Amino acid sequence: MRVLIVDDALFMRKVLRSILEDQGHEVVGEAGSSKEAVAQYPLLKPDVVTLDFTLPDLDGLKTLRLLRGYDPGVKAIMITAMSQGWMVKEARSLGAVDFIVKPFDPERVRLALVRAQGDGQ
């Protein structure tokens with residue numbers, strides 16, 4: 001799958017990129033903020049976006065809403081350092097296909113991409 005990684009931490013983007021590429025996915029772009037993600041998404045047209053809940057400008061939920069404005073079928077995998085029920089519920093209501101908790105477990109990342117690939121098919 002073609003993936004856009006959105007996380008404000010460069011180290012986390014590098015770790016996730018390595019995991020995704022090792023699994024045969026193509027990372028088409030990286031963004032460190034909501035503004036960057038929203039600018040890149042329509043240009044890159046990724047199959048899936050990994051989207052951190054905590055970004056420096058807008059949170060991941062608001063970013064997902066903006067991305068839905070470009071593409072109502074956007075496939076987002078939300079990333080968080082801590083799982084909070086209200087965040088998960090809100091993200092699901094916005095169409096998030098799965099969640100990954102930091103630190104990244106390669107098998108959990110793989111399963112999230114499998115879920116995203118099968119979503120809507």
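For this chain, numbers begin at 1 and follow the sequence in order. Since we're looking at a predicted model, the values are computed, not measured. Because only heavy atoms are used, hydrogens play no part in the values below, and waters and symmetry mates are left out as well, while side chains stay in.
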Check for a donor-acceptor pair, side chain of [X] on one end and backbone N or O of [Y] on the other, with a separation under 3.5 Å.
X      : Y      : answer
His25  : Met1   : yes
Arg13  : Glu30  : no
Lys75  : Ala116 : yes
Gln40  : Lys45  : no
Gln117 : Leu113 : no

What residues, two or more places apart in sequence or in another chain, satisfy side chain to side chain donor-acceptor pair (under 3.5 Å) together with Arg110?
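Scan of Arg110 (side chain to side chain donor-acceptor pair (under 3.5 Å), adjacent residues dropped) gives Glu107.
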
Pairing residues for Arg65 by the side chain to side chain donor-acceptor pair (under 3.5 Å) criterion, not counting sequence neighbours
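Side chain to side chain donor-acceptor pair (under 3.5 Å) check on Arg65 returns Glu90.
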
Applying side-chain contact (heavy atoms from CB on, under 4.5 Å), name anything that partners [X], two or more places apart in sequence or on another chain.
X      : answer
Glu26  : Arg2, Val28
Pro103 : none
Leu58  : Ser34, Lys62, Thr63, Leu66

Can you name the nearest heavy-atom pair linking Asp57 to Ser33, along with the distance?
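Asp57 and Ser33 have their closest heavy atoms at OD2-CB, 3.5 Å.
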
Closest heavy-atom contact between Ala76 and Leu64?
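Nearest pair, atom of Ala76 first, then Leu64: CB-CD1, 3.7 Å.
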
Hey, quick one: are Leu20 and Phe11 part of the same hydrophobic cluster, counting side-chain heavy atoms closer than 4.5 Å, chains of contacts allowed?
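Yes, because Leu20 and Phe11 connect within a single hydrophobic cluster, where side-chain heavy atoms sit under 4.5 Å apart.
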
Membership question, hydrophobic clusters at under 4.5 Å side-chain separation (ILVMFWY): are Ile100 and Leu111 in the same one?
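Result: no, two separate clusters.
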
Are the side chains of Thr54 and Asp59 in touch, meaning some heavy atoms are under 4.5 Å apart?
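Side chain of Thr54 against side chain of Asp59, heavy atoms only: no contact under 4.5 Å found.
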
How long is the straight-line distance from [atom2] of [Y] back to [atom1] of [X], given to the nearest 0.5 Å?
X     : Y     : atom1 : atom2 : result
Asp22 : Ile19 : CG    : CD1   : 8.0 Å
Leu55 : Asp8  : CG    : CG    : 6.0 Å
Thr50 : Ile77 : OG1   : CD1   : 7.0 Å

What residue pairs, at least two apart or across chains, pass salt bridge (charged side-chain N to carboxylate O under 4.0 Å, His left out) with a residue in residues 96-106?
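Pairs touching residues 96-106 that pass the test: Asp7-Lys102, Asp52-Lys102, Asp98-Arg108, Asp98-Arg115.
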
Could you walk me through whether Val3 and Asp47 pass side chain to side chain contact (heavy atoms under 4.5 Å, CB included), step by step?
CA-CA 6 Å; Val3 183; Asp47 299 317; over 6 Å; no

When Ile79 is tested against each of Phe99, Phe53, Phe104 for side-chain contact (heavy atoms from CB on, under 4.5 Å), which residue passes?
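For Ile79, the side-chain contact (heavy atoms from CB on, under 4.5 Å) check succeeds only for Phe104.
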
